[in-house]
Amino acid sequence: MKKLFAEFFGTFWLVFGGCGSALFAAGYTTETGTHLGIGFAGVALAFGLTVLTMAYAVGHISGGHFNPAVSIGLWAGGRFSGKELLPYIVSQCVGAIAAAGTLYIIWTGKGGNIIDNSKAGAFASNGFGAFSPDGYNMWSCFVAEFALTMFFLIVILGATDKFANSNFAGIAIGFALTLIHLVSIPITNTSVNPARSLSQALFTQGEPLAQVWLFWVAPILGAVVGGLIYKNLLQKQPEIDLGN
């Protein structure tokens with residue numbers, strides 16, 4: 001149960017910190033017209049920092065997945081038990097939805113704040129086509145989510161390899177997620193995390209919820225491929241002593 005609570009709180013923090021920064025701080029402008037928002041770069045850093053901080057806070061308890069695609073990718077890479085997949089994914093999704101609910105309460109506490117699900121990025125949701133922040137089509141968004149999640153898994157597996165310096169794994173993984181967001185916020189508003197996509201789509205409804213399938217399928221497939229690539233092509237194999 002401690003592992004599941006760790007995944008719940010870790011995923012909650014990821015969604016609350018990352019999506020919260022997009023909602024409240026990305027485009028903040030004062031009443032006098034001064035722009036103080038953190039922009040895309042700030043949101044990207046916020047997502048990276050959520051993973052970095054929780055990796056060190058609870059990573060030693062659950063492994064610090066906070067993402068169904070990561071759990072599945074680690075399973076494909078031989079680093080995670082298939083028996084634990086479903087409980088982890090449920091805990092991650094519940095944590096993400098709880099965070100989105102908390103953000104919704106805060107967001108709607110200001111007059112004029114509504115969720116316009118006819119616009120791209122509403123309530124920090126993901127989307128493609130007309131719901132991509134910069135209008136990228138479905139296949140562009142699919143390829144972006146697939147490729148970025150694949151490399152995310154390669155980074156995770158490499159940084160946590162027994163031959164790597166695991167003391168810095170959280171930093172490498174956090175910065176990898178930052179880089180992923182720097183690339184893909186204009187494309188899909190960045191998912192690489194099915195729980196994060198589901199939680200925002202549930203509160204946004206409309207087309208973002210109808211499109212959420214892509215943000216499950218593409219990251220999961222990318223994660224599986226990334227896990228298999230690391231396991232079969234990159235992972236250092238123990239040396240066999242053939243004797244003299």
Is the count of non-hydrogen atoms from other residues, nucleotides or ligands lying under 6.0 Å from Phe151 atom CZ greater than 12? no
Is there a side-chain contact between Glu145 and Val192 in this structure, where contact means two heavy atoms from C-beta onward sitting under 4.5 Å apart? yes
Answer yes or no: does atom CZ of Phe142 have more than 12 heavy-atom neighbours from other residues, nucleotides or ligands under 6.0 Å? yes
Note: Ala169 and Tyr56 closest approach over all heavy atoms is N-OH, 4.2 Å
Which heavy-atom pair separates Ala69 from Ala223 by the least distance, and what is that distance? O-CB, 3.1 Å
State, with a plain yes or no, whether a side-chain heavy atom of Pro68 is found less than 4.5 Å away from one of Asn193. yes
Check Thr149 against Pro219 and note the closest heavy-atom contact, atom names and distance. CG2-O, 3.2 Å
Parallel, tilted or perpendicular: which one describes the rings of Phe12 and Phe8, with boundaries at 30° and 60°? tilted
Which atom pair, heavy atoms only, marks the closest approach of Thr11 to Ala195? CG2-CB, 4.3 Å
Over 60° means perpendicular and under 30° means parallel, so classify the ring planes of Tyr88 and His65, tilted if in between. tilted
Taking side chain as C-beta onward, heavy atoms only, is Phe47 less than 4.5 Å from Thr178? no
Hey, are Ser197 and Trp216 close enough side-chain-wise for a donor-acceptor pair under 3.5 Å? no
Are Val58 and Ile171 co-members of a hydrophobic cluster defined by side-chain heavy atoms under 4.5 Å apart? no
Around atom CZ of Phe175, are there more than 12 heavy atoms of other residues, nucleotides or ligands at under 6.0 Å? no
Sequence neighbours excluded, which residues qualify as salt bridge (Lys or Arg N to Asp or Glu O under 4.0 Å) partners of Asp161? Arg79
Parallel, tilted or perpendicular for Phe123 and Tyr104, by the 30°/60° rule? perpendicular
Give a yes-or-no answer on whether the side chains of Thr188 and Thr190 include a donor-acceptor pair shorter than 3.5 Å. no
Quick check: closest heavy atoms across Ser71 and Phe80, and the distance to 0.1 Å? O-CD2, 3.8 Å
Show the nearest heavy-atom pair for residues Gln211 and Gly127, with the distance to one decimal. OE1-CA, 3.2 Å
Can you say whether the rings of Trp213 and Phe128 are parallel (under 30°), tilted (30 to 60°) or perpendicular (over 60°)? perpendicular
